[in-house]
There are 2 protein chains.
Amino acid sequence: MKAKKDINTEEKIVEAAEKVFIKNGMAGARMQQIADEAGINKALLHYYYRSKEKLFSIVFRTALKALLPNIIKSFKSEGSFFEKLRVFVDTYLTIIEKNPHLPGFVIHELNHRPEQLIQTIAELDIDIQFIIDDINTEIENGNIINISPNDLIINVISLCIFPVVARPMVTGVLFKGDKDEYKTFLKERKSHVADFVINSIKTK
Amino acid sequence: MKAKKDINTEEKIVEAAEKVFIKNGMAGARMQQIADEAGINKALLHYYYRSKEKLFSIVFRTALKALLPNIIKSFKSEGSFFEKLRVFVDTYLTIIEKNPHLPGFVIHELNHRPEQLIQTIAELDIDIQFIIDDINTEIENGNIINISPNDLIINVISLCIFPVVARPMVTGVLFKGDKDEYKTFLKERKSHVADFVINSIKTK
DNA sequence: AACTAGTTTAACCATATGGTTAAATCAATT
DNA sequence: AATTGATTTAACCATATGGTTAAACTAGTT
């Protein structure tokens, strides 16, 4: 019944699509480019995945999953609140460094057609309540200052994501194009972000 | 010699181009869309601005100017370091709120073809040395803790830009799509960011 | 009124692009 | 080996898109 299919073609296509979409965005991506990247022909693309839109949906959902829920889980590690915060920052920055274009892709597409894509976020049903509860407990216990949990969460994410998403701007303005300087900057960033945040919120 | 030209057509075109490019990005923008937006016809677009690429360059440069140098100047205000920091955050967030898609546009295009566009940044010749000097002086005077100026600058910018650039993600995950909640969040953000940063760096 | 130079338009062109179709391959089953 | 059904391909199509051209229009100038 089944034919050859040395290495799963479906998967090859999705991987190629991820590469092309995340690099060029929906509007900039070309089906031919995806086909080339997958080492197949354009028609085969449409055989497996009817339309560009369908392929995009799959890639977008995968990207969103890689960016949000899995990492939020890393906040469920053992230890004190500050230790959990350090693990979270470390995990998040590691994943983003490995896929530096991923956050930018998600943000750009989300900004471009929020109505259609916001649904995808909702479907992931991301639960951050346990983090909010954690923060409130720390406040009640007098371990950290009185801060809005939403602000604190956004602050941590901002400090992690932005320097990676805006890499060319950062290297261009701050490092005058010096790539090595940027690399060391990012490397030291993991501990820096955690230090910076903890320093701001810990009660003296 | 000159003909009618009620309201400067050139300007109308650039304004339309800004709108369309910043909303859709280079790849997603259509010359027809720009022509429609400007209330003229496609050929007239090419009469004034030879190619899409040329128009894009103008828009990109304008966007970059709006995002970087003018605002950095706001750090040259009077007062103590902390006061200057507050003015900076306030100014920056105000401008970004007024043009919420601007940072995302610049970041996306910069990521897409860094080689070609990084040049544009270099041409602006942005000087942040005076900020770095300011920070170092504060450290020497014992007013703020020993922090890398680059990290501090990036932190402030991150905390300002990210929540606006990633608005759909923020509203989607944190506020479950509640727009009003996001608005109040942003309004309180100006003082919060400054407080958060100052709290982290000030010596006790 | 005729001329001139800047301005605006409709019609057109070549190419790129997403998508379709029908035929060819291929491997397991009979 | 013939059948079958999944897989793969070349060729094609309709439309969209960036860009061009030549003609028409406009308002000052002579």
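First the proteins, then the strands, lettered A, B, ... as listed; each starts at 1.
- Relative to the ring axis of A:Phe82, A:Lys202 does not place its NZ or CZ within 45° and under 6.0 Å from the centre.
- The distance from atom OH of A:Tyr48 to atom C1' of D:dT9 is 13 Å, rounded to the nearest whole Å.
- Residues from residues 25-46 of chain B placing a heavy atom under 4.0 Å of any atom in DNA chain C, listed by number, are B:Asn41, B:Ala43, B:Leu44.
- No hydrogens or angles considered: a donor-acceptor pair under 3.5 Å links the side chains of B:Gln129 and B:Asp133.
- Nucleotide C:dT9 holds its C1' atom 13 Å from the OH atom of B:Tyr47, rounded to whole Å.
- For A:Asp134, the salt bridge (Lys or Arg N to Asp or Glu O under 4.0 Å) partners are A:Lys84, not counting sequence neighbours.
- Within residues 51-59 of chain B, the residues that have a heavy atom under 4.0 Å from DNA chain D are, in order of number, B:Ser51, B:Lys52.
- B:Tyr49 places its OH atom 12 Å from the P atom of C:dT8, with the value rounded to the nearest Å.
- Between the side chains of B:Asn136 and B:Glu140, no donor-acceptor pair of N or O atoms lies under 3.5 Å.
- Look at B:Thr9 and you won't find any side-chain N or O under 4.0 angstrom from OP1 or OP2 of C:dT7.
- In this structure A:Ala16 satisfies the side-chain contact (heavy atoms from CB on, under 4.5 Å) test together with A:Ile34, A:Glu37, A:Ala38, sequence neighbours excluded.
- The list of salt bridge (Lys or Arg N to Asp or Glu O under 4.0 Å) pairs with a residue in residues 188-198 of chain B, not counting sequence neighbours, reads A:Asp151-B:Arg189, B:Arg86-B:Asp195.
- Partner of B:Val20 under the side chain to side chain contact (heavy atoms under 4.5 Å, CB included) criterion, chosen from B:Gln33, B:Gln32, B:Met31: B:Gln33.
- Within the structure, the salt bridge (Lys or Arg N to Asp or Glu O under 4.0 Å) test picks out no pair touching residues 165-178 of chain A (sequence neighbours left out).
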